[in-house]
Amino acid sequence: MSAALLAAISGLLVGGRAGAALFAGGAVGLPLGLLVAGSPPGAWRGWWAGLAGAGLSVAAATAVVMTPEWARRPLAAGWPAGALAALVGLWLLPLVLLGVAAALSPPGRQAVGEGAGGSEDGEEDRDEGGDGNGRRDARR
Amino acid sequence: MPGAEPPWAVATALLHLAVVAAIGWWSRRRTRSADDFYLAGRRPGLWMTALATMATAFSGFLFLGGPGLAYRLGFGAFFIFLPLGLTPALLATGLGGRLQRLAAAGEVYTVSDLLIRRFGGRAVGGAAAVAVLLGSVGYLGTQIQALGILLAAVFGWQVPLGVWAVPAASAVGLAVVLLYSVGGGMLGGVVADCFQGALMLVAALAVFAHALAVAGGPAAIAAALAADPAFGAGFLEPLGRISPWTAFGWFLVFGFGVAGQPQMLHKFFMLRDERPLRTLPLVLGVAQSLCLLVPLGLGLAVPALVAQGRLAAPAGADEVAPAFLLAFAPGPLTGLVLAGAIAAIMSTANSFLVLAGAALVRDLPRAIGSEPRASLAAGRWSTLLVALAAAGFAFLYDDLVALLGSFSFGLLAAALAPAVGLGLVWRRAGAPAALASIWTGLSVHLLLELGGKWGGAAGLGAGLFPEGLPPAAAALVASTAVLLAVGWLRPEPGARPVEALRKAVGRPGRVE
């Protein structure tokens, strides 16, 4: 997230086309970064594959949109490549990949919702199961 | 909006109001506690949560403003909606578990409660309450105005009632919203939202299919737009008529900013357990995406029809949808879409009524050291009070309400998204960071918006930010930067609130 924020701020400071591209990267990176930070660590690898796929899709779509010569090129039924890339890459593909990956994740893992990337003190993140009030997760 | 198709429009509007009023009556008898009133008794499961979140997320903008914006700005207008690919997973998978657990672990009815539980201290909760109240007043005012304009057109009250047509129609619509908001609170709201959400989905699918068929399909639309110099090939290019700053500024605000929308976060407080969170991203995402078909279909079909010479150019952006319906839609479809628009407005208004009422009687008094009122009676009276205040405000300060309405989403995003989103997942974020972030988001956003409105066309952001950058995007970047900076400079690892959160929610982790 820090990198996305840095890109957005740098873009605002730089201005121009390069600045706009940096800002675009930051703008799509911030919600993706929060999703990564909030996602269950060590969860089923399919979830991470879905997340990675969605991230790649968003990044590719952003690159096409920010490249005018590519974006203008007619692709299908007279529609410009950039518009189709935006619809598919920024909306449909992330929606399907993230949705299916979350739905296929085994119950109990995703429910814990610890921060991504492990703890700051280097401890291994682990699934603690219950809700912290003495109740065990009903799904286990 | 011109007068609608009388028999179908009036019949569907009356039927819709009657069903929602009946839900209000039913829910009033089942609302017996503050938990029922604020959290719908923690009854909602997957489908209720998905439909209610979807219905609440979309206001009348979906059916009226969205198509108009696309007509005016071309494809670039869809950057408001494109983040819907990410936001369902962001809400459900990224934050949903934490939100549900915090709410289940104690009395968490509002975002203010949530932040107090996370960070400790009253100041953070008070700042959040101020943001929620400001954002809610703007949202509510515009929803009440839009409801009045729509119902006055449907019932044909402009001629007999003149200038009183819109206030009278607003009063009728507001009375129905109040019936289920005051009586049933969130319980009535969620049940009504399910009905209204389903109605919105049917209306969206029907109008999209009809609009595409009338305009000749995607290829004919692209060809017509490219051939007409009034639109040109650039109309369909990804940025349309806006700059990349505007497009990606919107993507940022409507993507990252959902973490600060209390009307959506609140739905996760209502969950009995976390089981629905697995399938919610897909179900909510599909439901929201189906609704996106309204601006996509009408926003591209109407300019194509104008380019084809089959429809006169609409007089204004808000006339785009009505112009299409009156010229090309059969009576039942017109009625269905009008009912869908009324549903979208009423579902959003209900959520903000209850949340603003809670901010008034619970969150703000607590922030100044008074005893918060969490009773059922206090919830009902505060909801009524907020409705009357917002209605009065809407008609006395027309300009101000329009301004507040246009920036409410951005205000809530800039003020609350970093504190809620990052605050829940980053252990270094403490109360000072959250407080500084909320006030930064609020003040930067208000300064830029008010400066733009009253400080001349260029506004306060002129020269400071690239042209076209939405003020909310600048404010959101600033509030996020402040939260990260203060979090790094004044971390609170091991502090009691973080440990409490760790026990209740699971350990927050890294943000890098």
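First the proteins, then the strands, lettered A, B, ... as listed; each starts at 1.
- Residue A:M1 comes nearest to B:L422 through the heavy atom pair SD-CD2, 3.3 Å, listed as atom of the first residue, atom of the second, then distance.
- Residues A:L95 and B:P281 share a closest heavy-atom pair of CD1-O, 4.4 Å.
- Contact of B:L284 with chain A is not made at all, since no heavy-atom distance falls under 4.5 Å.
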Worksheet item: side-chain contact (heavy atoms from CB on, under 4.5 Å) between A:T62 and B:F251: does it pass, once the steps are laid out?
Response: CA-CA 11 Å; A:T62 307; B:F251 194 94; over 6 Å; no
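- Of all heavy-atom pairs between B:L282 and A:G99, the closest is CD1-CA, 3.7 Å.
- Counting heavy-atom pairs under 4.5 Å between each of B:T279, B:T87, B:L236, B:L476 and chain A puts B:L236 at the top.
- Taking A:G15, A:A27, A:A61 one by one and counting their heavy-atom pairs under 4.5 Å with chain B, the maximum is reached by A:A27.
- Just one of A:V28, A:V65, A:V58, A:L87 meets the side-chain contact (heavy atoms from CB on, under 4.5 Å) condition when paired with B:L82; it is A:L87.
- Using bins of under 30°, 30° to 60° and over 60° for the plane-to-plane angle, the ring pair A:F23/B:W245 lands in the tilted bin.
- Heavy atoms closer than 4.5 Å to chain B are found in both the backbone and the side chain of A:A24.
- The minimum heavy-atom distance linking B:A481 with A:L5 is given by the pair CA-CD2, 3.5 Å.
- Most heavy-atom pairs under 4.5 Å with chain A, from the set B:G249, B:P244, B:G421, B:P218: that is B:P218.
- The shortest heavy-atom contact between A:P94 and B:L86 is CB-CD2, 4.0 Å.
- Residues B:A259 and A:L34 share a closest heavy-atom pair of CB-CD2, 4.1 Å.
- Between the A:R72 side chain and the B:A233 main chain, no donor and acceptor come within less than 3.5 Å of each other.
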